[in-house]
Structures are given as structure tokens and as C-alpha cells.
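Let me begin by presenting the structure, written as C-alpha cells, before commenting on it.
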Amino acid sequence: MGDFEAVPIINFSLIEAGNEEAINSLHHAFCNVGFAYLSNFGNLSDQVSHCFAQSQAFFELGLDDKNEIGYTCEEANRGYVGNGREKLAQPDDAEVRPLGDYKEAFDVGKPEDDYPNLWPRKLAKFEPTMSQFFESCHQLCLRLLHAMALGLGSAPDVFTKLHGARDHTLRL
């Protein structure tokens, strides 16, 4: 990665309009900086605000309510993950390692899966809010993958055809 003085700001609407300079700027940012700030990709701010509100409401529920939709198996990757459930941080100190990570999380996946999403019964807006945001993030991901392919001079669907199945996770 090269030196840079500021995070590149890329106007995504110009990329989607086929502007070569914007496409090249995105390619340059990813190759030389490693990341970029995207502007004009659509307004998700209301969805993000609703997600934060619903996420806060979920994590304020009692432990019994959260555990009711707890993570049941690693293959599912769905539902509530309580403190100590995951052991992703592996410090060198063997006495600390068995404690697990000090965090809570909630995982959402695509609805049409062998493992269904788990939803809190006490929060009526939680499921529709998170499902809509999952889909919006997926669509933005496909648009960005399309733009990356253009920047590489590849077929526009070289990445998107590999990601259409929506095999990813939204983690709160």
C-alpha cells in the first residue's frame, strides 16, 4: 500500500453512470490505499438509524429473552451470541483463553436457507427492519462488486455471479 494523505472519496453515482475517471479512481484507491469512502450510493441513513434503534432495543432485552433465540450451532450462524460464547481472541496467556470473548452479537442471514433466522418475539419491528437492511446491504455489495470488475477491466459480472446466493451474514 502506498502513502496517502486522505481517504479517497469516490462518487459512486459517477461509477454507475460509466464515468471512466471515477472507475479508475476506485480501482486506484483499492490497489494503493486499501479502502475508500463512497458517496452518492443511495440514501440508507433512515435504514441505518432504524437498525441501530432496533439493535439497541434487542440488546436491552433480558438475558432470558436473548437466550431464547440463542446461537445453536456454528453451521447455522444465526441468532444471539452471548458473552463468552465465541473465543475468537486468542491471547498468549493460557489462563485467559478459556474465558471467551467479552461481547454480545446477533447474526442474520438470508431467509431462504437450511437454517432459519431467529427473531425476538418481543420486538415486532426487529425482523422487518433487519431483513430489509440485509437485502439493502446485499444490493449495495453487488453494485460495488460490479464497479470493482469494471475497474479491473473484467467482465462486469465476474464477481457478482459468485455472490448472488447471498451467503453472508449481517452481524449486530
Side-chain angles (χ1 to χ4, degrees), residues 1-60 71 76-81 86 88-89 101-120 123-172:
M1 298 291 151
D3 292 332
F4 65 96
E5 294 181 20
V7 174
I9 300 172
I10 311 294
N11 184 335
F12 201 69
S13 66
L14 293 177
I15 292 173
E16 293 190 309
N19 181 291
E20 288 294 324
E21 183 179 343
I23 292 168
N24 291 336
S25 294
L26 181 68
H27 180 258
H28 180 267
F30 285 169
C31 288
N32 296 292
V33 178
F35 53 91
Y37 179 90
L38 299 178
S39 66
N40 299 317
F41 57 83
N43 187 353
L44 296 177
S45 61
D46 285 345
Q47 281 189 37
V48 170
S49 295
H50 293 310
C51 281
F52 274 112
Q54 288 298 304
S55 180
Q56 181 176 357
F58 174 76
F59 288 109
E60 288 175 350
Y71 201 90
N77 200 29
R78 302 284 193 276
Y80 173 67
V81 179
E86 294 181 329
L88 302 177
D101 297 346
Y102 186 70
K103 67 175 180 219
E104 292 181 288
F106 187 87
D107 295 329
V108 177
K110 63 183 177 182
E112 65 287 343
D113 196 67
D114 293 338
Y115 301 98
N117 285 310
L118 305 171
W119 303 110
L123 300 174
K125 295 180 182 177
F126 191 84
E127 178 181 356
T129 299
M130 298 308 165
S131 295
Q132 180 182 14
F133 191 61
F134 178 92
E135 188 58 33
S136 295
C137 290
H138 173 70
Q139 293 304 318
L140 180 58
C141 174
L142 294 178
R143 292 167 54 205
L144 183 57
L145 290 170
H146 175 87
M148 291 169 55
L150 294 176
L152 290 170
S154 299
D157 69 344
V158 69
F159 299 125
T160 57
K161 66 183 177 185
L162 301 172
H163 290 274
R166 302 183 311 165
D167 290 327
H168 35 259
T169 302
L170 172 64
R171 174 165 267 203
L172 312 176

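All values below come from the heavy atoms of this structure, side chains included, with hydrogens, waters and symmetry mates left out.
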Euclidean distance, [Y] [atom2] relative to [X] [atom1], rounded to 0.5 Å:
| X | Y | atom1 | atom2 | result |
| --- | --- | --- | --- | --- |
| Ser25 | Glu20 | OG | CD | 11.0 Å |
| Gln132 | Leu44 | CD | CG | 9.5 Å |
| Asn24 | Asn19 | CG | CG | 9.0 Å |
| Gln56 | Cys51 | CD | SG | 13.0 Å |
| Asn40 | Asn11 | CG | CG | 4.5 Å |
| Leu142 | His163 | CG | NE2 | 8.5 Å |

So does [X] have more than 12 non-hydrogen atoms from other groups sitting under 6.0 Å from [atom1]?
| X | atom1 | result |
| --- | --- | --- |
| Glu112 | CD | yes |
| His28 | NE2 | no |
| Ile9 | CD1 | no |

Report yes if some heavy atom in the side chain of [X] is under 4.5 Å from a heavy atom in the side chain of [Y]; otherwise report no.
| X | Y | answer |
| --- | --- | --- |
| Phe159 | Leu144 | no |
| Leu170 | Phe133 | yes |
| Cys137 | Arg166 | no |
| Phe58 | Leu123 | yes |

Looking only at heavy atoms, which two atoms of [X] and [Y] are closest? And how far apart?
| X | Y | answer |
| --- | --- | --- |
| Asn117 | Lys110 | ND2-O, 3.8 Å |
| Leu172 | Ser55 | CB-OG, 3.9 Å |
| Phe35 | Val7 | CE1-CG2, 3.5 Å |
| Gly79 | Leu118 | CA-CD1, 4.0 Å |
| Trp119 | Met130 | CZ3-CB, 3.9 Å |
| Ala36 | Ile10 | CB-CG1, 3.9 Å |

Tell me every residue that passes salt bridge (Lys or Arg N to Asp or Glu O under 4.0 Å) with Asp46, counting only those two or more places apart in sequence or in another chain.
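Result, salt bridge (Lys or Arg N to Asp or Glu O under 4.0 Å) vs Asp46: none returned.
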If the condition is salt bridge (Lys or Arg N to Asp or Glu O under 4.0 Å), which residues does Glu104 pass it with, not counting sequence neighbours?
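In terms of salt bridge (Lys or Arg N to Asp or Glu O under 4.0 Å), with neighbours along the sequence ignored, Glu104 is linked to Lys66.
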Derivation and outcome, side chain to side chain contact (heavy atoms under 4.5 Å, CB included), residues Leu38 and Leu140
CA-CA 11 Å; Leu38 299 178; Leu140 180 58; 5.5 Å; no
Report the residue from Tyr80, Tyr71, Phe59, Phe126 that forms a ring pair (Phe, Tyr, Trp, His ring centres under 6.0 Å) with Phe106.
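Filter result, single survivor: Phe126.
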Are Gln54 and Thr129 linked by a side-chain donor-acceptor pair shorter than 3.5 Å?
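There is no such pair between these side chains.
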Please check: side-chain N/O of Arg143 versus main-chain N/O of Phe41, any donor-acceptor pairing under 3.5 Å?
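A pair under 3.5 Å: yes.
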Matching residue for Arg78 among Asp114, Asp107, Asp113 - test: salt bridge (charged side-chain N to carboxylate O under 4.0 Å, His left out)
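Looking at Asp114, Asp107, Asp113, the match for Arg78 under the salt bridge (charged side-chain N to carboxylate O under 4.0 Å, His left out) is Asp113.
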Not counting sequence neighbours, which residues clear side chain to side chain contact (heavy atoms under 4.5 Å, CB included) with Leu150? List them please.
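Only Ile23, His146, Pro156 meet the side chain to side chain contact (heavy atoms under 4.5 Å, CB included) criterion with Leu150.
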